[in-house]
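Encoded as structure tokens, the structure appears first; notes follow it.
As the structure lists them, so they are numbered: ligands from 1, and atoms in each ligand from 1. Residues: numbered from 1 along the sequence shown.
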Amino acid sequence: MKEYELLVDGETLSRAETEVVNDPSSNQPVATIALASESDVATAVEAAESAFERWRTIDPVTRGHYLRDIAAELRDQKAIIAQRHTEETGRSLSDSERSVEYAAEYFEYYAGLTHRINGETVPLSHEEFDYTRREPLGVTGHIIPWNSPLLLGSRSIAPALACGNTVVAKPAKLAPMSILELGRAASDAGLPDGVLNIVSGSGSTAGEALVTNENVRELTFTGSKQVGLHIRELVSDRLIPLNLELGGKSPNIVFADADQEAAADGAVKLFTNAGQSCYAGTRLFIADEIYDEFIDRVVSRIEEMEVKRDSDETDVSALISPSAQSEVASYVESAVESGGSITTGGRIPFEEGNFYEPTLVENVSDNAAVSREEIFGPVLAAYRFDSEQEVVERANDTEYGLYAGVWTTDLDRANRITEHIEAGTVTVNNYASPIPQVPFPAYKQSGIGSEYATAALNHYTKLKNVRMKVDRTLR
Ligand code: TAP
């Protein structure tokens, strides 16, 4: 069993209170993790505050070098970090290696932007000079989910650091190891003490202590809508920037003129990470005239997927916990109870681990729980549609608005649909995954704030205007 400690001010701290982390593919324990108390979180915030002045005043190019060094260290330590990521998430080693690579890419991307955090000059009268600066906020708090911990943690930690902020991060109790490894890798890369602190612990103790600490000047939370709204309540008496990256119930719309092979490949991307992805295309809308033919393509792809106990051999990885597995099973049962049918899948394949078969349900109404709630499992629901107008209304008939897919070879139609879909991202003929250089905004209950791309630089800085009286007369 590995033992993980908190990382505060460059020191690792063991704690009497610990929690066991289980491998989702076997439910066997793999590590014990120190649990941060409220006072540990306060100490971490103090350390981050103390480090802020030095970090914010380092010249931006040097700050970029630090971030590049973290990326290099992540790559050097890829084998061990990926191993821990696999043990905590149940994902395959190759998938985890890709997560380490993506994490490194976030640090590299923002390393290249540290000297591009520009203000502007504002033309005023001849007697005045006006310019703006983008200044770091101070200590930023990052609350990270379990579903893709390393990537989702890196995507907010990297821009926060690039802008000159310091960080206290709380990973999810179910999957904290890769974020603690990131903290260690950053220390190994020479990041000054206190700039990045990791307080593993429970949401109700360490998470709330971070959210309610008055010296935290910004909060980024990625997780469920319920907890996100609760966090917004907790900070309602403080005017701090908030990034809430919440759930999704994304439509994926296939028109009759689409390249069906490509669209079917796009449809089954849902099963990556066993459907535990906020932007997964869980509602598959298929034009009536191609419905049966297209469903056959989807079913044949799903039936080719093998669920195996070995996380490196299975095509669909285990769900994060036994309770997540039962929740997915009850969603599928409820789909059948409400008149739906299971076309393929719909079973827990074996007792060991938290696996669930990749599942397609049909004939469910738009009001069924399976159509409205985020399942966060390998369950795809398919629906027929007749017209653009109808499908846009049904696609938008959800409280969420994170992502959407449209498949058509008609450019005008693609433009019409993208304009009317209420989602932060609409992909056309390619259900592509988020990448650092494109923004990842959210509509409706999927979140507020903006991660990724240069939008994150605005979020992690505040604007200052400087207005100066000047004498321009030559003497
Ligand atoms: P949550 O249960 O909401 O947990 C997310 C994080 O919040 C965990 O670290 C959790 O800690 C912590 N937390 C729980 N209660 C808290 C509280 N009262 N105060 C402060 N922190 C608290 O979500 P999850 O189950 O880990 O992740 C799945 C959800 O995340 C899905 O809804 C998914 O759509 C969403 N998600 C969204 C995105 C984007 S980008 N929109 C990306 C990935 C995931 P512990 O669990 O350790 O106690």
Side-chain angles (χ1 to χ4, degrees), residues 19-21 24 33-36 38 41 88-89 99 106 141-156 168-180 198-213 216 219-235 242-250 270 272-282 319-321 323-324 327-328 373-377 398-403 423-425 433-436 438-452 455-456:
E19 175 97 358
V20 169
V21 177
I33 304 289
L35 294 183
E38 283 176 27
V41 173
E88 66 186 0
T89 61
S99 280
Y106 280 103
H142 303 244
I143 298 182
I144 300 164
W146 48 259
N147 64 322
S148 203
L150 182 62
L151 187 154
L152 295 172
S154 299
R155 85 167 177 194
S156 72
V168 179
K170 191 211 87 66
K173 239 173 20 172
L174 292 170
M177 290 190 286
S178 55
I179 288 292
L180 285 156
I198 317 283
V199 284
S200 44
S202 73
S204 54
T205 303
E208 293 216 5
L210 186 58
V211 171
T212 54
N213 189 305
V216 171
L219 269 168
T220 290
F221 167 83
T222 306
S224 60
K225 185 190 96 178
Q226 292 74 10
V227 178
L229 292 178
H230 175 61
I231 284 177
R232 199 173 64 154
E233 287 280 302
L234 289 176
V235 299
L242 205 53
N243 241 335
L244 297 178
E245 300 277 356
L246 310 178
K249 193 71 190 169
S250 301
L270 164 99
T272 311
N273 196 15
Q276 301 170 114
S277 161
C278 54
Y279 66 93
T282 47
L319 293 156
I320 191 70
S321 64
S323 63
E327 210 169 298
V328 169
E373 294 168 25
E374 189 179 36
I375 302 175
F376 233 51
T398 164
E399 63 178 331
Y400 294 113
L402 195 58
Y403 229 71
T425 298
S433 309
I435 46 172
V438 301
F440 190 57
Y443 273 45
K444 303 197 273 188
Q445 299 292 300
S446 286
I448 51 171
S450 193
E451 290 286 13
Y452 293 80

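Residues lining ligand 1 at a heavy-atom distance below 4.0 Å are given as I143, I144, P145, W146, N147, L152, R155, K170, P171, A172, K173, G201, S202, G203, G207, E208, F221, T222, G223, S224, V227, H230, I231, E245, L246, G247, C278, E374, F376, L402, F440, ordered by chain and residue number.
Checked against side chain to side chain contact (heavy atoms under 4.5 Å, CB included), E373 has the following partners two or more places apart in sequence or in another chain: Y331, A369. By the ring pair (Phe, Tyr, Trp, His ring centres under 6.0 Å) test, Y279 is found to be paired with Y403, residues two or more places apart in sequence or in another chain being considered. Residues passing the side chain to side chain contact (heavy atoms under 4.5 Å, CB included) test with K173 are E19, L35, S202, sequence neighbours excluded.
The closest donor-acceptor contact from the side chain of S200 to the backbone of A34 lies under 3.5 Å.
Centroid-to-centroid, the aromatic rings of Y452 and Y106 come within less than 6.0 Å.
When L219, V216, V41 are each tested for a side chain to side chain contact (heavy atoms under 4.5 Å, CB included) with V211, only one passes: L219.
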